[in-house]
Amino acid sequence: MKGIRAIIHSLVHSWHLFVRRHWQGFLGWRERFRFTEEALHLLIAGGIGIIGGVVNVVFVKLIVGCQDLVWAKGNSTSLTPFQGTEWERLLIPVAGGLIAGLLLYLGLKWSAKKGSNNLLEAVSMGDGKLPFRTAVTQAFSSMVSIVSGATIGREGSITQFTSMLASKWGALARWHPYRLRLMVACGAASGMAAAYNAPIAGAVFAAHIVLGNFSMHLFAPLIFSSVVSSMVSRSFFGMAPLYRTSLEMDLTLFQLPWFLVLGVLCGLMGGLFLKSMLWVRGVFQRFSIPMPFKLALGGLAIGVLAFRFPQVLGNGYSGVNLIMANQLNLAAVVALFLLRWLATILAVGSGAFGGVMTPVLFLGAALGGVFGLYGMQEQWHPDIPVAVFALVGMSSMLAATTHSPLLAMIMVFEISLNYSLMPALMISSAIATLVARQVHRTNIYSETLYAKGLDASWESDRFGEASRQRVGDLMRHPVPPVRDNDFFADIADRFITSSYHFLPVVDQRMRLLGVVALSDLKEYLQMGEQLKSVIAIDIMRPAPKCLTPGQRLDEALSVLLGAEMRNVPVVNNGKDKKLIGAVNRSEALGQLAEAMSSPSLKSGTGRSELNNQKV
């Protein structure tokens with residue numbers, strides 16, 4: 001036993017001597033190959049992208065398999081429930097609503113309402129944590145609703161579930177809220193990108209809608225996550241666009257006014273759609289009946305519509321393709337538009353959990369189809385195909401309901417792979433957004449936050465919640481300091497055995513005297529034997545501007561921007577300057593950037609419901 005201890009002691013002593021002999025080389029290698037926070041975020045984003053792609057594949061496979069079982073037929077491309085008999089179309093939505101509502105009802109008890117399940121709330125004013133049980137319950141409830149024919153999209157559950165898994169990953173790693181919020185946004189980006197096979201739109205969705213911030217240190221991970229998730233999804237489902245069109249058309253200047261008119265029309269209809277959805281939700285909330293019966297009642301209403309008109313069931317992918325192929329007449333497209341409008345607000349209003357982006361895209365295609373068919377009938381624009389108006393209508397309706405023309409035009413471009421229509425998409429989407437804001441002030445994602453008394457405006461000129469945060473809220477333990485009389489070799493050892501590039505220098509009373517930078521050691525490396533007499537106070541720089549725990553984040557902005565160090569020192573006050581902590585510069589600046597660019601949320605409280613997040 002003594003022999004083993006002697007060997008271990010000898011090895012440790014040899015390693016210590018080796019480090020002492022070659023510490024200059026170690027410092028050089030560490031400087032050259034250090035792992036930055038940005039690189040870590042990209043690595044995490046790639047992992048979340050894989051999660052998003054796998055979640056999409058599993059969700060789609062389960063939906064297709066269940067639809068084959070319930071409707072006795074299946075179609076893995078369109079994900080549209082099949083017609084069945086008249087009584088099947090009436091009763092299956094009722095049964096699906098009852099089961100989906102029962103899952104939500106039981107899930108409320110199972111989840112014990114721990115934390116908010118709202119993506120925007122968790123990122124904008126929360127700590128980035130999403131509850132696991134709530135997301136699981138919502139996913140299964142949404143799956144039941146989709147399988148039974150509800151007019152909702154699968155993207156909502158995919159995005160929510162992926163974001164929850166990303167949040168849990170960060171929570172298990174005990175990362176700080178700033179990183180958790182970024183991970184949740186990466187989950188939203190990867191889920192949306194995988195669901196629509198649209199990586200650019202997924203990144204823009206997360207940056208604009210979820211984070212409200214396009215700064216590069218946040219946007220780069222979103223892009224990486226979206227690309228990875230879409231590639232995972234494409235390996236199973238291929239690269240074919242969701243909406244098939246081989247349209248190639250060079251629009252002229254004299255044709256653009258028609259798309260201005262379409263933009264105004266979509267803006268009006270988008271605002272009215274949001275108002276009608278809110279009104280129906282209010283009607284259902286006034287019913288003092290359990291949640292399962294509310295969703296069953298919504299399913300009954302949809303079943304009554306489907307009894308005679310089976311086209312109202314499902315997500316409408318096949319219907320959009322028929323409109324763009326000009327295989328439906330004007331009366332049929334008008335009927336589809338009205339019926340699916342009604343079916344969508346009944347499904348969402350009754351409390352069914354799921355995505356609303358897919359139904360909105362159908363309404364936009366139908367409205368554009370009506371405009372195009374009527375114009376051709378009246379010889380207003382006989383040389384512009386109906387498919388052009390359908391695609392532009394999709395973008396405009398999406399812009400009107402999300403108040404994000406950039407997201408809308410990129411989404412429609414990616415799901416159709418048709419760049420020739422970009423001028424029309426840009427003009428019509430911008431006009432639709434401006435008109436819709438006059439009709440209804442909130443967008444389809446912030447509506448729930450407003451209902452809870454939270455201000456989710458993307459254009460607030462206030463700092464918001466982050467300006468009320470103090471430095472003490474973000475303060476960590478200080479970087480382990482060196483004493484003013486520590487020798488050069490000891491300081492070099494500290495740099496070798498840690499990841500820091502700056503070390504604070506303190507006296508015996510822990511007062512901050514200055515800092516030693518890794519780069520400052522270079523000029524002393526040629527001193528030879530004289531190095532043995534060099535101490536920290538000989539090398540250190542003057543103490544930088546420091547923070548105090550009571551400072552507001554917006555007051556600390558100038559110090560954070562001017563800081564050279566990754567961990568800005570925090571002292572007890574400006575007089576004593578006792579080192580008590582540190583603030584991560586990237587985290588603090590990230591919170592301020594989010595506050596200035598993202599929703600400013602009014603203080604308020606609200607009860608988190610399982611079905612309050614529609615993505």
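All residue numbers refer to positions in the sequence shown, counting from 1. Scope of the values below: all heavy atoms of this structure, side chains included, with no hydrogens, waters or symmetry mates.
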Supply the atom-to-atom distance [X] [atom1] to [Y] [atom2], rounded to the nearest 0.5 angstrom.
| X | Y | atom1 | atom2 | answer |
| --- | --- | --- | --- | --- |
| Gln67 | Leu62 | CD | CG | 11.5 Å |
| Cys66 | Ile146 | SG | CD1 | 11.0 Å |
| Arg179 | Trp169 | CZ | CH2 | 10.5 Å |
| Ser404 | His208 | OG | NE2 | 4.5 Å |
| Phe59 | Glu155 | CZ | CD | 10.0 Å |
| Ile51 | Met183 | CD1 | CE | 7.5 Å |

Quick one: are [X] and [Y] in side-chain contact, heavy atoms under 4.5 Å?
| X | Y | answer |
| --- | --- | --- |
| Cys186 | Ile44 | no |
| Phe273 | Val360 | yes |
| Thr162 | Met192 | no |
| Leu274 | Ile444 | yes |
| Phe224 | His41 | no |
| Val479 | Phe502 | no |
| Val568 | Val559 | yes |
| Phe161 | Leu165 | yes |

(request) Please test Val320 against Leu361 for side-chain contact (heavy atoms from CB on, under 4.5 Å), starting from the C-alpha separation and ending with a verdict. (result) CA-CA 9 Å; Val320 172; Leu361 288 172; over 6 Å; no

Main-chain N/O of [Y] paired to [X] side chain as donor or acceptor, under 3.5 Å:
| X | Y | result |
| --- | --- | --- |
| Thr401 | Leu398 | yes |
| Ser145 | Ala150 | no |
| Glu414 | Ala201 | yes |
| Ser229 | Ser190 | yes |
| Tyr196 | Thr358 | yes |
| Ser163 | Val184 | yes |
| Thr151 | Thr344 | yes |
| Ser225 | Pro221 | no |
| Ser141 | Ala100 | yes |
| Ser157 | Arg154 | no |

Heavy-atom neighbours of [X] [atom1] exceed 12 at 6.0 Å:
| X | atom1 | value |
| --- | --- | --- |
| Met475 | CE | yes |
| Met231 | CE | no |
| Phe284 | CZ | yes |

To check you understand the geometry: which heavy-atom pair defines the closest contact between [X] and [Y], and what is its length?
| X | Y | value |
| --- | --- | --- |
| Ala188 | Val210 | CB-CG2, 4.0 Å |
| Ser226 | Pro199 | CB-O, 3.2 Å |
| Leu425 | Ser395 | CD2-CB, 3.6 Å |
| Cys266 | Met397 | O-SD, 3.9 Å |
| Lys168 | Leu130 | CE-O, 3.5 Å |
| Leu560 | Arg585 | O-NE, 2.6 Å |

(request) Apply side chain to side chain donor-acceptor pair (under 3.5 Å) to Ser233 and Asn56, showing your working. (result) CA-CA 7 Å; Ser233 185; Asn56 178 61; 2.9 Å; yes

(request) For a side-chain contact (heavy atoms from CB on, under 4.5 Å) with Ile345, tell me which candidate from Met277, Lys275, Arg281 qualifies. (result)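 So, applying the side-chain contact (heavy atoms from CB on, under 4.5 Å) to Ile345 and each of Met277, Lys275, Arg281, only Met277 qualifies.
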
(message) If you apply the rule ring-ring contact (aromatic ring centres under 6.0 Å, His included), what do you find for Tyr445 with Phe205, and how did you get there?
(response) CA-CA 11 Å; Tyr445 297 108; Phe205 170 80; 5.6 Å; yes

(request) Say whether Asn443 and Thr402, considering side chains only, have a donor N or O and an acceptor N or O under 3.5 Å apart. (result)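 No pair is found: no donor N or O on one side chain lies under 3.5 Å from an acceptor on the other.
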
(message) Hydrogens and angles aside, do Thr433 and His403 bring a side-chain donor and acceptor to less than 3.5 Å of each other?
(response)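 There is no such pair between these side chains.
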
(request) Could you check Met565 against His501 for side-chain contact (heavy atoms from CB on, under 4.5 Å), going step by step and ending with a plain yes or no? (result) CA-CA 8 Å; Met565 296 174 290; His501 285 251; over 6 Å; no

(request) Output, in order, the C-alpha distance, side-chain angles, deciding distance and verdict of side-chain contact (heavy atoms from CB on, under 4.5 Å) for Asn567 and Tyr500. (result) CA-CA 9 Å; Asn567 296 286; Tyr500 301 114; 4.0 Å; yes

(request) Before accepting this row, confirm whether a basic side-chain N of the pair Arg476/Glu587 lies closer than 4.0 Å to the acidic partner's carboxylate O. (result)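 Yes.
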
